[in-house]
Each structure stands twice: as structure tokens, then as C-alpha cells.
Participant: 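Quick one: structure below, then a few questions.
Chain letters run A, B, ... following the sequence lines, proteins first, then strands; residues in each count from 1.
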Amino acid sequence: FMTSLNLKLCCSLAVLGKESQKRAGGEVEMVRHNRDRNKNAGLFCNVCLCLPLCLRWEEEKCTDGSKWRFLEHKGPVFPPPYEPLPDRVRFYYDGKAMKLSPGAEEVATFYAKMLDHEYTTKDIFRKNFFKDWRKEMTSEEKSKITELKKCDFTEMHEYFKAQSEARKQMSKEEKQKIKEENERILQEYGYCVMDNHRERIGNFRIEPPGLFRGRGDHPKMGKLKRRIRPEDIIINCSKDSVHPKAPPGTRWKEVRHDNKVTWLVSWTENIQGSIKYIMLNPSSRIKGEKDWQKYETARRLKKIVERIRAQYREDWRSKEMRIRQRAVALYFIDKLALRAGNEKDEGETADTVGCCSLRVEHIRLHPQMDGQDYVVELDFPGKDSIRYYNKVSVEKRVFKNLQLFLENKQAKDDLFDRLNTSILNKHLQELMDGLTAKVFRTYNASITLQQQLKELTSSDDNIPEKILSYNRANRAVAVLCNHQRAPPKTFEKSMHNLQTKIDEKKKQLSAAKKELKAAKADAKTLRDEKSKRAVETKKKAVQRISEQLMKLEVQATDREENKQIALGTSKLNYLDPRISVAWCKKLGVPIEKIYNKTQREKFAWAIDMTDEDFEF
DNA sequence: AGAACCACTTAGCAGATTTCGA
DNA sequence: TCGAAATCTGCTAAGTGGTTCT
């Protein structure tokens with residue numbers, strides 16, 4: 001099928017000029033447009049759904065580790081420069097108005113904007129902010145402003161509130177104009193050419209300066225996240241592309257041509273000293289292929305998971321402590337879908353843990369509890385400081401091992417003192433090529449969805465019922481992976497509103513039923529065409545209303561069950577989209593009911609290649 | 001072996017946009 | 001047609017895991 005028949009230029013490359021086309025591929029390639037032909041051979045171009053030319057280079061790509069041959073882009077978009085406050089908006093220190101230097105003023109505005117937030121009341125936040133703010137002050141300012149609690153930012157705060165209010169009140173035309181300008185920027189900076197495709201970039205805007213807010217109890221909250229200058233930026237593109245220009249009067253830190261990586265732009269951030277990247281959108285070929293590969297690895301695990309389970313159960317009896325610990329940790333990762341738990345720099349980040357970094361204080365053992373034997377109670381802050389809390393009954397051997405691991409240890413000691421993620425992953429690598437701890441999460445999430453869908457849906461259900469079942473299956477996975485969210489602020493109210501609607505609908509229904517009864521009685525006595533038709537109309541009305549009622553009730557159940565559970569993360573990152581696509585096809589549910597536009601773009605590969613009998 | 005570095009995926013939230021229902 | 005609610009999108013922090021340096 002690789003025969004390149006005439007037809008059309010691959011996707012929007014056609015809109016580029018002749019020069020760019022030449023740079024992009026040397027010759028203009030023609031490809032055949034046919035979506036149905038190959039099921040598993042490769043990904044489709046996400047823009048036009050022609051076959052991707054990159055397929056042709058697959059072998060080459062695999063061997064030398066290069067990720068692309070040609071890459072051209074316009075570089076990042078910088079946030080607008082700081083606009084000093086009008087003179088009427090004043091800052092007060094110790095009750096006296098004080099004009100700040102632009103540098104100090106800018107940092108002050110970051111704080112002023114956050115005044116409504118709870119974290120400006122936190123000691124660490126205030127301390128970090130004040131320390132970094134002072135660094136931006138002139139020496140006079142520094143000598144005057146010595147205490148944060150004497151600073152009065154309220155005028156500034158009011159000013160920004162008024163500004164955002166004004167923005168909301170803008171006329172339709174003004175809003176339209178802004179929208180158009182954004183669209184122009186998107187078209188210019190939001191796309192790149194990678195090999196023969198015009199691809200959407202994920203985050204092409206440089207992060208604006210501000211005050212850092214980590215999640216949970218972060219020791220660095222409130223620190224100044226500094227403004228990124230062109231001199232901080234490394235550009236990555238191909239040698240034969242037109243390099244992006246640095247803004248007038250500036251230069252890039254570096255322009256490099258590294259096709260072993262996928263990023264276009266990088267810079268070093270000043271809070272943790274880590275590197276930030278501009279990369280492609282999930283709809284891009286390079287992300288899609290990686291995603292596909294991830295699920296293929298999880299499917300390979302499926303084939304051998306029973307063997308691995310047998311082995312780690314065996315290892316619970318090992319005479320070596322390190323092997324027992326490894327086996328118990330792996331059991332947790334497999335059974336509870338815990339994350340690996342890399343070590344973190346103490347004092348640099350919030351105190352959170354995963355499996356390998358669990359400490360004594362995070363676990364409690366109950367030989368008996370709630371009528372169950374060998375109950376393990378886990379309670380720890382996980383990623384993003386989201387609490388993981390679970391009570392689970394385990395095998396006796398696991399329990400005994402845990403007791404052993406806990407012996408002679410203090411609360412702050414590591415539960416698995418002979419284990420870390422690197423040791424664990426080395427072991428996993430020996431069991432299967434590409435196997436790491438996180439593959440278990442992907443595998444268990446996807447297999448759970450597939451099982452739950454099978455269990456919960458029946459082809460006799462109507463579409464809303466099927467969707468409820470899908471959401472429930474999705475929810476089972478989200479619960480497994482501990483994907484939580486704060487209950488929406490309007491939750492109680494909107495639940496109440498929905499209940500009111502349901503009650504009204506019920507009344508409507510009984511009224512309609514009454515009318516139907518009356519109509520039937522009429523028809524029986526009158527026996528004419530007109531009254532017969534009336535019966536039919538009333539029947540339809542009853543049917544319609546009861547359908548509406550059911551839909552509302554389904555909605556209420558769904559929403560109640562979803563109060564504190566976030567479905568998005570698992571849908572986007574853990575569930576093989578082919579399971580959902582196959583389910584939709586099999587049960588006649590339009591894919592749009594399951595995936596919105598962005599999600600359909602991300603999963604274009606799966607939507608195209610999957611038929612209804614796909615099995616994970 | 002362990003630390004440091006790097007690249008990439010996964011995560012929840014806030015604000016923007018769209019949809020819904022009176 | 002309007003305001004509220006629902007949904008989506010962008011943002012960027014926080015993980016995982018590989019490689020390189022010491």
C-alpha cells in the first residue's frame with residue numbers, strides 16, 4: 001500500500017509556500033488517501049487522515065533513535081512586558097503612600113492579585129514572597145520596606161478586580177477582535193512543520209512571571225517565578241529549517257539541532273531549577289505513536305501478568321529481605337495501582353510518597369478489622385498531595401512480611417528500606433522488555449474498563465443508559481487510580497436544582513397518564529377516528545415524558561456518584577482508547593458521546609484503526 | 001552506586017466557552 | 001434571549017524513568 005499514487009499533498013503542508021515544502025521534505029510527496037485499508041499498519045495524519053509518510057521511515061527511526069528529520073517552527077510567544085500602574089493606584093507602607101520602582105511594583109502586583117486567595121495567609125507563602133520581593137527592590141525601598149504586614153496592597157487589588165470586571169463587560173466587537181488576534185497568533189506560532197506534517201504545538205506561550213504556588217504544603221510557595229527572557233531560551237529545530245528569530249535587540253541562549261528529542265523550545269525554571277519544554281500537541285504523530293506504544297506495552301503485560309503474579313507470590317517467601325520487599329511492593333503496585341514512588345529532594349518539594357517511598361507512618365496493620373482478616377490501612381499523601389486512603393484485606397504472607405518490615409523502625413523510616421524504584425524497575429525489565437512500574441497502572445486501568453464495560457452494558461439499553469454504564473466503568477478506573485477532585489463549588493445547588501426538575505417531571509408524567517386514561521375512556525364510548533387519534537397522541541406524550549424523566553434520573557445518579565471523582569485523567573492517560581472505540585461501534589453509541597473534539601483528535605489513531613471486535 | 005540531569009507523561013484546577021432551560 | 005450550569009481548554013506543577021556524570 002505504500003505505492004504513492006497521485007492525489008493530494010499531505011495535510012496543510014499544502015498551504016505552505018513552495019520554499020517551505022522544499023525544506024520540509026526535499027520533494028513534495030504524494031500520498032493516497034484511504035482510511036479503511038489498513039487496520040494496524042500505522043497512524044494516520046491527524047490533520048487530513050492520509051497515511052503518514054513517517055511510516056516509511058519507521059525502520060530507520062527505530063534503529064538510530066532519531067525522532068524526526070525536519071523541524072521548523074516560529075519559536076515561543078512571550079507574555080507582554082510589564083505595564084506600570086497608573087499613578088492614582090497607590091501602594092501604602094505603614095499607612096503612607098509610596099511609589100515603587102517598576103521592578104518592585106511588578107512583583108507587588110503579583111501579590112496584590114492573589115489577595116483573595118487563602119495562601120496569602122500562609123506563613124511560608126508570605127515569607128518566601130517577601131524575601132524574593134526584597135531582592136527586586138532598590139536599596140531605598142529595601143531599607144524602608146522591612147515588614148510585609150505593614151504593606152497595603154488593597155488599591156492595587158481593587159484596580160485589578162475592576163480591570164477583570166471591565167474585561168467581562170467588553171462589547172461583542174471588542175471580544176471578537178481579541179479572539180481574532182488570538183487566532184492569528186495561534187496560526188503563526190501554534191503550529192510547526194515536523195517532517196511532512198503541519199502539527200499543532202501544545203504550549204507555545206512562555207509561562208508568565210508570577211508567584212509560585214505548589215500543590216499541598218510546598219516549601220517554596222510564594223517564591224518569585226521570574227520572567228523568562230530570550231537569552232534563557234534554547235531553540236531546537238533542524239539545520240535546514242528557517243530558525244525562529246529572537247525578538248528585536250535580543251538573542252537566544254542557543255539554537256541547537258537535536259533530533260533525538262521531541263521538544264522545540266526549552267528553558268530552565270528558577271524555582272526548582274528544572275527544565276521546561278515546548279512540545280507538540282497530543283494530536284501530533286509523535287505523541288500519538290508514543291501513546292499507542294504505551295498501550296501495546298500494557299497489552300504485552302497482559303499476556304504474562306499471571307506468571308508475574310505467581311512469581312511475586314513465590315518471592316514473598318524468599319529468604320532475602322530485598323526480594324521480599326520487592327515482591328510486596330510489586331503486589332501493592334499491581335493490586336492497588338499505586339505509583340512507583342521515586343525519592344524526592346527533601347525540603348525542595350511537598351512531602352508526598354508513592355509505593356517505594358512509603359514510610360512506616362503511612363501504614364497500619366490490623367490482624368482483624370470489620371470482620372476481615374489481615375487488613376492493611378494505607379493513608380498517605382500521593383501525587384499533587386492528594387490523599388490516598390484505603391483499607392484492604394491482604395494475604396497472610398503479605399501481612400506477615402509487612403510486620404517484619406515494620407520491626408524496629410520509627411514512624412519516619414522507609415517501609416521498604418531495601419528497595420527503590422530503580423531496583424524495582426531493573427527487576428521488571430528482566431521480566432519483560434519495556435516493563436516498568438507504571439505499566440501496571442496502565443494495564444490495570446484498561447483491563448478494568450474492558451471488564452466493567454462487558455459487565456455493565458447490554459445492547460438492549462438505550463443510549464443514555466449505555467453512557468451511564470460507560471461512565472460507571474470509567475469511574476471504577478478513576479477510583480482504582482485515586483483520581484480525585486474537589487467537589488464543584490456549585491455541587492449542592494445544582495444537585496438540588498436537578499431534583500426539583502425530577503419532581504416536576506414526575507408530576508407532568510402523572511398528569512399525562514391521567515389524560516391518557518381519559519382519552520382512552522373517551523375513545524371507548526365515542527369509537528370515532530378523532531378520539532382514537534387523541535389516544536395515540538396521549539400515549540406518545542406519556543412515553544416522551546417518561547423517557548425525559550428517566551434521562552434526568554440517570555443524570556442525577558451519574559452526578560452524585562461523580563461528586564469527588566475526576567474521570568478525565570484516566571480517560572486521557574490510562575484507558576486504551578481502542579476499548580472505548582470498539583465498545584461504541586459494537587453498541588451503536590456515537591463516539592462523540594464519549595470523546596469530545598480534543599479527545600477525538602488525540603485518539604484519532606485509535607478511532608481510525610479499531611473495529612468492534614478489538615480486545616485489549 | 002548514587003547523584004544529577006534530562007525528557008517526557010500525568011495531574012488537578014481556574015478561567016473560557018458552550019449549552020441548557022426558563 | 002439571558003443567566004446559570006456544564007463542559008472544555010489551557011496552564012503548569014508533579015510525577016516516572018532513562019542516561020550521564022562523579
Participant: Does a salt bridge link A/Arg126 with A/Asp123, judged by any charged N lying under 4.0 Å from a carboxylate O?
Facilitator: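 No.
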Participant: Which part of the nucleic acid does A/Thr262 contact within heavy-atom distance under 4.0 Å: base, sugar-phosphate only, or nothing?
Facilitator: sugar-phosphate
Participant: For the pair made of CD in A/Glu254 and P in B/dC6, what is the distance, rounded to whole Å?
Facilitator: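 Distance, rounded to whole Å: 11 Å.
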Participant: Heavy atoms under 4.0 Å, any strand shown: does A/Gly382 hit a base, just sugar-phosphate, or nothing?
Facilitator: sugar-phosphate
Participant: Flag yes if more than 12 heavy atoms outside A/Glu181 fall under 6.0 Å of its CD atom; otherwise flag no.
Facilitator: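 Result for CD/A/Glu181: enclosed.
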Participant: Let's see if you can work this out: which of B/dC8, C/dA13, B/dT18 has an atom nearest to the side-chain heavy atoms of A/Phe212?
Facilitator: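 Of B/dC8, C/dA13, B/dT18, C/dA13 is nearest to the side chain of A/Phe212.
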Participant: What nucleic acid atoms does A/Thr349 come within less than 4.0 Å of, heavy atoms only: base, sugar-phosphate, or nothing?
Facilitator: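 Here A/Thr349 touches no strand at all.
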Participant: Both A/Cys355 and A/Lys276 contact DNA chain C. Taking the nearest nucleotide for each, which residue is further toward the 5' end?
Facilitator: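 Nearest-nucleotide comparison on DNA chain C picks A/Lys276.
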Participant: If you only use heavy atoms from C-beta on, which nucleotide in B/dA7, B/dC8, C/dC8 is closest to the side chain of A/Asn596?
Facilitator: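 Of the candidates, C/dC8 comes closest.
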Participant: For the base of B/dT10, is there a side-chain donor-acceptor partner from A/Lys383 under 3.5 Å away?
Facilitator: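 Indeed, a donor on one side and an acceptor on the other fall under 3.5 Å apart.
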Participant: Check this for me, if you would: do A/Glu296 and A/Arg299 make a salt bridge, where the nitrogen-to-carboxylate-oxygen distance has to be below 4.0 angstrom?
Facilitator: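 Looking at A/Glu296 and A/Arg299, the cut-off is met.
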Participant: Does A/Glu183 pair with A/Lys179 as a salt bridge, N-O distance under 4.0 Å?
Facilitator: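 Salt bridge: no.
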Participant: If you check every side-chain atom of A/Ala340, which of B/dT9, C/dA14, C/dT16 has the closest atom?
Facilitator: C/dT16
Participant: Using a heavy-atom cut-off of 4.0 Å across all strands, would you classify A/Arg167 as base, sugar-phosphate, or nothing?
Facilitator: nothing
Participant: From the options B/dT18, B/dA11, B/dC8, select the nucleotide whose nearest atom is closest to the side chain of A/Trp263.
Facilitator: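 Of the candidates, B/dC8 comes closest.
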Participant: Under 4.0 Å between a side-chain N/O of A/Lys344 and OP1 or OP2 of C/dG15, yes or no?
Facilitator: yes
Participant: Nearest-Å distance, CG (A/Asn281) to P (B/dT9)?
Facilitator: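 Nearest whole value for this atom pair: 12 Å.
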Participant: A/Ile178 CD1 to B/dA16 C1': how many Å, rounded?
Facilitator: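 Atom-to-atom, A/Ile178 to B/dA16, this comes out as 12 Å.
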Participant: Among side-chain atoms of A/Tyr470 and A/Ser580, is any donor-acceptor pair under 3.5 angstrom?
Facilitator: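 Side chains of A/Tyr470 and A/Ser580: pair found under 3.5 Å.
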Participant: What is the separation between atom CD1 on A/Ile278 and atom P on B/dC8, rounded to the nearest whole Å?
Facilitator: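 Distance check: A/Ile278 CD1 to B/dC8 P gives 14 Å.
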Participant: Output yes when at least one side-chain N/O atom of A/Tyr574 is less than 4.0 Å from OP1 or OP2 of B/dA11, else no.
Facilitator: yes
Participant: Please state how far atom CG in A/Asp291 lies from atom P in C/dT16, giving the value in whole angstrom units.
Facilitator: 19 Å
Participant: Regarding A/Gly341, tell me which of base, sugar-phosphate or nothing describes its non-hydrogen contacts under 4.0 Å with the strands shown.
Facilitator: sugar-phosphate
Participant: Please work out whether the ring planes of A/Trp605 and A/Phe603 are parallel, tilted or perpendicular, with thresholds of 30° and 60°.
Facilitator: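 Geometry flag for A/Phe603 against A/Trp605: perpendicular rings.
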Participant: Does B/dG12 have OP1 or OP2 sitting under 4.0 Å from an N or O in the side chain of A/Arg387?
Facilitator: no
Participant: Mind checking A/Ala350 for me? I need base, sugar-phosphate or nothing, with any heavy atom below 4.0 Å counting as a touch.
Facilitator: nothing
Participant: If the cut-off is 4.0 Å, is A/Lys67 near the phosphate of B/dC8, judged by side-chain N/O to OP1 or OP2?
Facilitator: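 Checking A/Lys67 against B/dC8: at least one side-chain N or O falls below 4.0 Å of OP1 or OP2.
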Participant: Taking only side-chain nitrogens and oxygens of A/Thr352, does any of them come within less than 4.0 Å of OP1 or OP2 of C/dG15?
Facilitator: yes
Participant: Nearest-nucleotide wise, let me know which of A/Asp345 and A/Ser570 is further upstream toward the 5' end of DNA chain B.
Facilitator: A/Asp345
Participant: Is any side-chain N of the basic residue among A/Asp351 and A/Arg359 closer than 4.0 Å to the acidic one's carboxylate O?
Facilitator: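 Yes, A/Asp351 and A/Arg359 are salt-bridged.
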Participant: Closest to the A/Ile275 side chain: C/dT12, B/dG12, B/dC6?
Facilitator: B/dC6
Participant: Whole Å only: how far is the CE atom of A/Met221 from the P atom of C/dT12?
Facilitator: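 Computing the A/Met221:CE to C/dT12:P distance gives 18 Å.
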Participant: In terms of the nearest nucleotide of DNA chain B, which residue is placed more toward the 5' end: A/Val261 or A/Arg485?
Facilitator: A/Val261
Participant: OP1 or OP2 of C/dT16 sitting under 4.0 Å from any side-chain N/O of A/Thr421?
Facilitator: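 Indeed not, no polar side-chain atom of A/Thr421 lies that close.
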Participant: For a quick test of reading the model: is some side-chain N or O of A/Arg200 closer than 4.0 Å to OP1 or OP2 of C/dG10?
Facilitator: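 Answer is yes, contact under 4.0 Å.
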Participant: With respect to the side chain of A/His483, which nucleotide from C/dG17, B/dA11, C/dA13 is positioned closest?
Facilitator: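 Between C/dG17, B/dA11, C/dA13, the one nearest the side chain of A/His483 would be B/dA11.
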Participant: Contact class for A/Arg339 (heavy atom, under 4.0 Å): base, sugar-phosphate, or nothing?
Facilitator: sugar-phosphate
Participant: Within the 4.0 Å heavy-atom criterion, would you say A/Asn342 contacts the bases, only the backbone, or no part of the nucleic acid?
Facilitator: base
Participant: With a cut-off of less than 4.0 Å, is there a side-chain N or O of A/Ser274 near OP1 or OP2 of B/dC6?
Facilitator: no
Participant: Determine: side-chain N/O of A/Asn203 to OP1/OP2 of C/dC11, distance under 4.0 Å, yes or no.
Facilitator: no
Participant: Between C1' on C/dG10 and CE on A/Met279, what's the gap in Å once rounded to a whole number?
Facilitator: 17 Å
Participant: Return the value, rounded to whole Å, for the distance between atom CG of A/Leu567 and atom C1' of C/dC8.
Facilitator: 14 Å
Participant: Could you check whether A/Tyr277 gets within reach of a base, just the sugar-phosphate, or nothing at all, counting any heavy atom under 4.0 Å?
Facilitator: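 A/Tyr277: base contact, heavy atoms under 4.0 Å.
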Participant: So, for A/Leu280 and A/Ser284, which heavy atoms are closest and what is the spacing to 0.1 Å?
Facilitator: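 Closest heavy-atom pair between A/Leu280 and A/Ser284: CB-OG, 3.4 Å.
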Participant: On the nucleotide C/dA13, are OP1 or OP2 found under 4.0 Å from the side-chain N or O atoms that A/His218 carries?
Facilitator: no
Participant: Name the residue closer to the 5' end of DNA chain C, choosing between A/Pro208 and A/Val353 according to the nucleotide with the nearest heavy atom.
Facilitator: A/Pro208
Participant: NA contact type, A/Lys168, heavy-atom cut-off 4.0 Å: base, sugar-phosphate, or nothing?
Facilitator: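 Nothing, no heavy atom under 4.0 Å.
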